[in-house]
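Naming convention: chains lettered A, B, ... in sequence-line order (proteins, then strands); numbering from 1 in each chain. All values derive from a computational prediction rather than experimental measurement.
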Amino acid sequence: MYINLLYCLTAFFLAILFTFRKYITNKLQDGLKISAFISSIAAVLLLYIIFSFIMAIIVPNIINKAFFFVFGISPFIIGKIAKYEKVNFYSIIQLICIIASGLYVLSI
Amino acid sequence: MSLNFILKHENNSKGAVLLFHGLTGSPFELKKYGQFLYSNGYDVYAECLPGHGEKFEEIYTIKYQDWLNFAYTRFDILKKQYDKVFVSGLCLGAVLALAVGIKFKNDVAGIIALSTTLFLDGWRLPWYKCFMPVAFATIVRFYYSYPECEPHGVKNIKTRNAVKKLLAKGDVGMNDFPMTGFFELLKLSAFVRKNLKNLISPILIIHSKDDDLTSLKSAKVVYKNISSEDKEYIILYDSYHMVLYDNEKEFVFNKAIEFIENHNKVLEKRKEAVLCI
């Protein structure tokens, strides 16, 4: 139960970071602070990936397991196919995946 | 930012030296080194690497294969014009010089690898560099660029201030290290490390003990894993990453020309012996 809650919180926190990334980086201005902020997104994303795989292990249903596994590897798949020219498009896809996973964990 | 230069003698050149600059740098950082080699009788070639041209955005779209193809092509062109072609580079340029040595193992007269960057483990990088692998593998790499900051790879305060002024103008290099550039550099590094055993050319490795971007580990890995019998490894104790304009630059220049001259003589003798036969 706690892991569900933690997963949900991580997913929504990550979604917030992705959504307000541009706004926050514009506000920060200082290059070092921006790089620290972007690193924090990477850190939360790592947490999200770990939680996804933990969920994939602990949930009983095979379909649920498959979903969480896909959520866990989605950042790597999107990272692999993403191109700089279409970075906003792929960012939105990543964001949708994260929000969908957060909602999915609430539904089970 | 295109600061390409070719320093060519009218005639009687002793050979050619192909130079490669570092990540987010430009041939400007090789200018004094190039002029020194030129004054010692060598033709010197230094061009902007792909992704380091007029448009800053290009670095985000570049692949390490583009750098490799560029380096191979430039070497191939010079090899057709000169009997002896030496290759030298700084940072990413040193990794490219190694790649050229691996590809053209019998044609490279010698390699001078300065501050070879096979690993990003220097003391300047922040503690949160541990999240870099996650950033590299995901879309976050497009958001991330690490700003050029103190000490700018230079220990000498006077030179550091001059570098800061030049970088502020944006004429000689980029003010940030884009994560995509780091990502491609590490992929290139993995490719080179995998093939180091195929490197048989004479090599001079120069690396600073206090390199702020990449530790001595990179130089040690090169030295231990190459198959070259003729290899030399020099550690600098009063410089950071940019060894070509730090406190020991004269020492680096002199060691480089000493290495080139020695191997030039060996090649000349070998050529004469072949002609006698």
Subject >> Centroid separation B:F5 to B:Y45 less than 6.0 Å >> reply: no
Original post:
Are A:T10 and A:Y48 close enough that some pair of their side-chain heavy atoms sits under 4.5 Å apart?
Top reply: yes
**OP:** Flag the one option from A:S39, A:A82, A:S91 with the top tally of heavy-atom pairs under 4.5 Å to chain B.
**Re:** A:S39
Original post:
In terms of heavy-atom pairs under 4.5 Å with chain B, which of A:F76, A:Y84, A:F37, A:Y90 leads?
Top reply: A:Y84
Subject >> Contacting region of A:K83 [heavy-atom separation from chain B under 4.5 Å] >> reply: backbone
**OP:** Among B:L185, B:L188, B:V222, find the residue that satisfies the side chain to side chain contact (heavy atoms under 4.5 Å, CB included) test when tested with B:L118.
**Re:** B:V222
**OP:** For the pair A:F53 and A:F69, name the ring-plane relationship: parallel under 30°, tilted 30 to 60°, perpendicular over 60°.
**Re:** tilted
Original post:
Which one, A:L32, A:I49, A:I81, A:D30, leads in non-hydrogen pairs under 4.5 Å with chain B?
Top reply: A:L32
**OP:** Would you mind telling me which of B:Y143, B:F131, B:F142 has the largest number of heavy-atom pairs within less than 4.5 Å of chain A?
**Re:** B:Y143
Subject >> B:L199: which of B:I226, B:V192, B:N225, B:V100 passes side chain to side chain contact (heavy atoms under 4.5 Å, CB included) >> reply: B:I226
